[in-house]
Amino acid sequence: MNTFTTDIQLAYVLAAACFVVGLHLMNSPATARRGNQVSTAGMIIAMIATLVLLIHQGTVTAAGWTVLIVGALLGSAVGLWSARTVQMTAMPQLVSMFNAVGGGAAALVAVNDYIEMESARSGVLGTTTVFTLLDVLIGSVTFTGSIIAAGKLQGLITGSPVMIKGGRAINLALIVVALGSAAFMLTTASLPALLIVVLASLAFGVLMVLPIGGADMPVVISLLNAFTGTAVAMAGFVINNWALIVAGALVGASGGILTKLMADAMNRSLGNIMLGGFGTGDAVVAAAVSGDAQIRSIAADDAAIQLAYASKVIIVPGYGLAAAQAQHGVAELAALLESRGIEVSYAIHPVAGRMPGHMNVLLAEANVPYPQLKEMEEINPEFSRADVALVIGANDVTNPAARRPGTAISGMPILDVDQAKSIIVVKRSMGHGYAGIDNELYTNPKTSMYFADAKKAVAEMTAAVKTLVG
Amino acid sequence: MSTALVTDLTIFVLALLVGIEVIGKVPATLHTPLMSAANSIHGIVLVGALLIGVTAHTVVGYILAFVAAFFAAANVVGGYVVTGRMLKMFRRKAPVQAAERGVPVQAGSEHRS
């Protein structure tokens, strides 16, 4: 190792240190923003070091520079544009697309390396091949799997589980084909075999995510995030680059832990999620509520009276709130109630919204002070003291059916909304949540249903409260 | 097994352990930004994409370099910008509570009237 390459490696170590410190600073809302800046600085250091290395090597052709620069600039423009314009509600899809391109790029790095090695007929066998294969496998699965996941959340592909006839058999066949060619490549250098691995993995990625229900997509995206990290680390082994190994391993490990935290919050095991979504088993039958159960509906004025004369109101926001862009309206209603001395807090279910913490982001966007946002364990004992629980666009996370065995959501921790003295549910229709089952909360005698779009409903209630209290 | 490989594996395993350790105590509030932050860090693959350029001298090589650079750049730039955008919102709200920012989210109950 000469002095020059040592300096480059040192720059990579510095970058890696920045990533670790940056992630660590993400532990608290107070320092999170600085964490992102530190991490960005690390990335810039790594990029500059790489550019210096490229220039120093001097083997990059004019055409090479052109494709790299044009490619990187176009990619940056697309990334920048989507990051600037994305709605906060569509955040999980965007993260998923970034996983797709990250995983895809990692796979391409290994494919390119293999082509080079193969044409040079040197060193193509042995340990490098193992890492090449792992990179290509994981990267390709992540690429198509993430695109399907994003498509499901965006509504381009149905959110309900897609069961292909004989899907398990096809999956198994794909695994056999991919691993078979991979095993072949350990003894014989073969570019066609690598292409077979790529194609089989791409197809497997599609079939892996299609049967998973939309409600589980956040966990899947988090898992694919960890996959991408791992693929990048494998790419690091292939091209012998520490920066890729460290950053990839960091993301792989932290993404894995985050995935586990999310799955735990839904009380589901990862295996359970990956092997099939909600409502695919016999669970649906057991979850039926008698069809003629009474449902009370309520108008803005009555809702306003309940709210205005309560002493404690708990707001339960869900994805419906985000989808209707009602977060600002809710914040206004809450501020109005608070000005009357009413205690207002928000009950945040760990998987409310589309990702853990997604609801916090959306309410933060509406300038809701975060001390008002209570996590599930903290808020559940308070429901029995609440006069009104205002459920806005949340469904499955409030369904008391989860407490009984034998339903699609059994065992999932829920918010104890039914403990409140009265319950107002704002919802567009009696439609089902992602779990595809009836919500027993809606037929509770204490519950009134307010059928409207969340934004409209909140505006009407705010206006009614204002009229009422002058 | 070569020395280089042993070194790489050592770094890999240690980085895995650091990754597990460093985010162990993240509050649920920050899960989404954290996922986004981790997402931008794997944009480091842009380094790998650029290094393809060192050896690229065939049409296939150029195409691979182009697509990889495009993908990786979208990942890294988009990832950091969107994470920054999210965290900016966390910071901007409730400016009166600037002094409280150091405390965890759950500890804010005394704020209620």
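- Between B:Asn75 and A:Gly102, the shortest heavy-atom distance links the atoms OD1-CA, 3.3 Å.
- Heavy atoms closer than 4.5 Å to chain B are found in the side chain of A:Leu94, but not in its backbone.
- Considering only heavy-atom pairs separated by less than 4.5 Å from chain A, the leading option among B:Gly79, B:Ser36, B:Ala69 is B:Ala69.
- Panel note: side chain B:Tyr80, backbone A:Met43; no donor-acceptor pair is recorded below 3.5 Å.
- Distance check: A:Thr40 OG1 to B:Ile41 CD1 gives 9.0 Å after rounding to the nearest 0.5 Å.
- To the nearest 0.5 angstrom, B:Ile52 atom CD1 is 11.0 Å from A:Leu54 atom CG.
- Ranking A:Ile348, A:Leu244, A:Thr230 against chain B, the residue ahead of the rest is A:Leu244, based on heavy-atom pairs under 4.5 Å.
- Residues A:Ala72 and B:Ala73 come closest through the heavy atom pair O-CB, 3.2 Å.
- You'll find the side chain of A:Thr59 stays beyond 4.5 Å of the side chain of B:Thr55, heavy atoms only.
- In this structure, chain A has a heavy atom under 4.5 Å from the side chain of B:Val60, while its backbone stays farther away.
- Tested against A:Phe98 for a side chain to side chain contact (heavy atoms under 4.5 Å, CB included), the candidates B:Val77, B:Asn39, B:Val76 yield a single pass: B:Asn39.
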request  = For the pair A:Asn360 and B:His31, evaluate side-chain contact (heavy atoms from CB on, under 4.5 Å) and give the outcome as yes or no after the intermediate values.
outcome  = CA-CA 10 Å; A:Asn360 304 69; B:His31 278 173; over 6 Å; no
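- To the nearest 0.5 angstrom, B:Glu21 atom CD is 12.5 Å from A:Leu250 atom CG.
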request  = Would you check, one step at a time, whether the test side-chain hydrogen bond (donor to acceptor under 3.5 Å, both in side chains) holds for B:His42 with A:Asn99?
outcome  = CA-CA 8 Å; B:His42 63 55; A:Asn99 281 338; 3.1 Å; yes
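- Tested against B:Phe66 for a side chain to side chain contact (heavy atoms under 4.5 Å, CB included), the candidates A:Leu108, A:Val67, A:Leu68 yield a single pass: A:Val67.
- Between B:Leu9 and A:Phe237 there is a side-chain heavy-atom pair separated by less than 4.5 Å.
- Side-chain contact between A:Val111 and B:Leu64 is present, with heavy atoms from C-beta onward closer than 4.5 Å.
- The CD1 atom of B:Ile63 lies 11.5 Å from the CG atom of A:Asn112; values are rounded to the nearest 0.5 Å.
- Taking 4.5 Å as the limit, some side-chain heavy atom of A:Met26 sits within range of a side-chain heavy atom of B:Leu87.
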inquiry  = Could you go through B:Leu5 and A:Phe131, starting from their C-alpha distance and side-chain angles, then the distance that decides it, and tell me whether this counts as side-chain contact (heavy atoms from CB on, under 4.5 Å)?
reply    = CA-CA 11 Å; B:Leu5 181 62; A:Phe131 294 114; 3.5 Å; yes
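- With a 4.5 Å cut-off on side-chain heavy atoms, A:Ser254 and B:Ile20 do not count as touching.
- Heavy-atom pairs under 4.5 Å with chain B were tallied for A:Leu258, A:Leu261, A:Leu23, A:Ile239; the largest tally goes to A:Leu258.
- Between B:Leu46 and A:Thr50, every side-chain heavy-atom pair lies at or beyond the 4.5 Å cut-off.
- Looking at B:Ala56, only its backbone comes within 4.5 Å of chain A, counting heavy atoms on both sides.
- In this structure, the side chain of B:Asp8 does not engage the main chain of A:Ile245 through any donor-acceptor pair within 3.5 Å.
- Taking 4.5 Å as the limit, every side-chain heavy atom of B:Phe70 sits out of range of all side-chain heavy atoms of A:Val70.
- More than 12 heavy atoms of other residues, nucleotides or ligands shown are found within 6.0 angstrom of CH2 on A:Trp65.
- Neither the backbone nor the side chain of B:Thr58 has a heavy atom closer than 4.5 Å to any heavy atom of chain A.
- The shortest distance between side-chain heavy atoms of B:Tyr62 and A:Thr66 does not fall below 4.5 Å.
- Among A:Leu53, A:Leu80, A:Val78, the residue with the largest count of heavy-atom pairs under 4.5 Å with chain B is A:Leu80.
- Minimum interatomic distance between A:Ala83 and B:Gly78 (heavy atoms only, all atoms of both residues): CB-O, 3.4 Å.
- Without hydrogens or angle criteria, B:Arg85 side chain to A:Val86 main chain gives a donor-acceptor distance under 3.5 Å.
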